[in-house]
Protein chains: 2
Amino acid sequence: MGSISFEIHDHSVCTDKTMQEVDAYCETHKLQFTPIRRKVLTIMLEEHRAWGAYEILDRLRSEGQSAQPPVAYRALEFLVKHRFAHKIERLNAFIACTHPGQHHAPAFLICRSCEKVAEAHTEPSSGELGAAAEAIGFHIERTVIEAVGLCATCRDATTQ
Amino acid sequence: MGSISFEIHDHSVCTDKTMQEVDAYCETHKLQFTPIRRKVLTIMLEEHRAWGAYEILDRLRSEGQSAQPPVAYRALEFLVKHRFAHKIERLNAFIACTHPGQHHAPAFLICRSCEKVAEAHTEPSSGELGAAAEAIGFHIERTVIEAVGLCATCRDATTQ
DNA sequence: CCAGGCAACGTTATATCATTACATGGAGCG
DNA sequence: CGCTCCATGTAATGATATAACGTTGCCTGG
């Protein structure tokens, strides 16, 4: 389960593990994990939240990288295409994947208070959506499953 | 089930029924279903697909209505707030609800070929997403559930 | 009646998100 | 070398969405 995003944890483990997995995957699949792409993923790995493309751009600039919009969007396109990152449609923003390399249909829990995002999983063909699709002969190619609400921590803070 | 969106049907029934239901709901709940709001919903009811805000604006203009962006966005905000329409996050566009007045957690099947959109339903608390949320104490307030793919008709056309 | 509040609407400007188009440069390869 | 391919640099623009402020019309209490 993706609860870790909302909990205090040794985040360097998330970061290191992901970078290693992505490195390995790119090696195996002959993908160019270039400096810009690496830098963008590193930025996104800093926190379990969604990053706007222009927010990433600002970070790139502050690190001395030249950065017009296509620079960020091209890196994000690569990362999303290979499932190293996902787009959160509700936020028009992007988040690093918590277990890259595995093909999956991600689902997200977005806390509207602390803005952290947890990645969970669904079996697209099962469940109500799959049933509805099957019933009318609709062929699902991609799913967007996002829930907005309050994580346990923020909920407790509100209730006190 | 929302299969009707993808099928040939007497669409005037959809339109008339929806407008009557919205009229009744607004009457009951003391909501102002003003000419602009009515016009926007009428436009959206023309087809079972998602409409961009600027597309709606163009239609308003062509009907002689003054129409700067806030005109469309304010009408859409009203319609979405009261569940007479929904936003399709994947498309950054809006669609008329197929059964207004009932509070519900809609799910959408979006055909990438004919661009029609069907509205299905989910029980947000049940299902995998609800289970994942419950497991980590996440309180869901809103869900975005959208599937992109091919409807039966377009699929058949492709296969031949 | 009329003053005040309120919701909707008109309008300008601007913020935010994303892409097109074309030029440049380096790696691999015959 | 000359070619192709892919990644990158950069300018311009397109597409989506909101802020801010003024105006209008209606309702309501005094």
With a 4.5 Å cut-off on side-chain heavy atoms, are [Y] and [X] touching?
{"X": "B/Ile56", "Y": "B/Leu76", "answer": "yes"}
{"X": "A/Ile88", "Y": "A/Phe108", "answer": "yes"}
{"X": "B/Trp51", "Y": "B/Val40", "answer": "no"}
{"X": "A/His139", "Y": "B/Cys154", "answer": "no"}
{"X": "B/Ile95", "Y": "B/Arg49", "answer": "no"}

Could you tell me the separation between the [atom1] atom of [X] and the [atom2] atom of [N], rounded to a whole number of Å?
{"X": "B/Gln32", "N": "D/dG25", "atom1": "CD", "atom2": "C1'", "answer": "10 Å"}
{"X": "A/Asp58", "N": "C/dT16", "atom1": "CG", "atom2": "P", "answer": "10 Å"}
{"X": "B/Arg61", "N": "C/dG10", "atom1": "CZ", "atom2": "P", "answer": "12 Å"}
{"X": "B/Leu57", "N": "D/dT18", "atom1": "CG", "atom2": "C1'", "answer": "13 Å"}
{"X": "A/Leu31", "N": "D/dC5", "atom1": "CG", "atom2": "C1'", "answer": "15 Å"}
{"X": "A/Tyr54", "N": "D/dT16", "atom1": "OH", "atom2": "P", "answer": "14 Å"}
{"X": "A/Phe33", "N": "D/dT8", "atom1": "CZ", "atom2": "P", "answer": "11 Å"}
{"X": "A/Glu89", "N": "D/dT16", "atom1": "CD", "atom2": "P", "answer": "13 Å"}

Within the pair [X] and [N], is there a side-chain N or O less than 4.0 Å away from OP1 or OP2?
{"X": "B/Gln68", "N": "C/dC9", "value": "no"}
{"X": "B/Ser66", "N": "C/dT11", "value": "yes"}
{"X": "B/Gln65", "N": "C/dG10", "value": "yes"}

* Structure fact -> The bend of the helix from C/dC1-D/dG30 to C/dG30-D/dC1, taken between the axes of its five terminal pairs at each end and rounded to 10°, is 10°
* Asked: If you check the A/Arg37 side chain, which of C/dT20, D/dT8, C/dA18 turns out closest?
  -> D/dT8
* **Proximal nucleotide (of D/dT10, C/dA18, D/dA17) relative to the A/Ala53 side chain** => C/dA18
* Going by an N to O cut-off under 4.0 Å, is there a salt bridge joining B/Glu21 and B/Lys17? -> yes
* First locate atom CD of A/Glu119, then atom SG of A/Cys97, and finally report the distance between them rounded to the nearest 0.5 Å. => 4.0 Å
* Asked: Which heavy-atom pair separates A/Pro100 from A/Val22 by the least distance, and what is that distance?
  -> CG-CG2, 3.8 Å
* Asked: What residues in residues 71-87 of chain A put a non-hydrogen atom under 4.0 Å from any atom of DNA chain D?
  -> A/Val71, A/Arg74
* Mapping B/Asn92 and A/Ala67 onto DNA chain D by nearest heavy atom, which one lands closer to the 5' end? -> A/Ala67
* Asked: Going by the angle between their ring planes, with limits at 30° and 60°, are B/Tyr73 and B/Tyr54 parallel, tilted or perpendicular?
  -> perpendicular
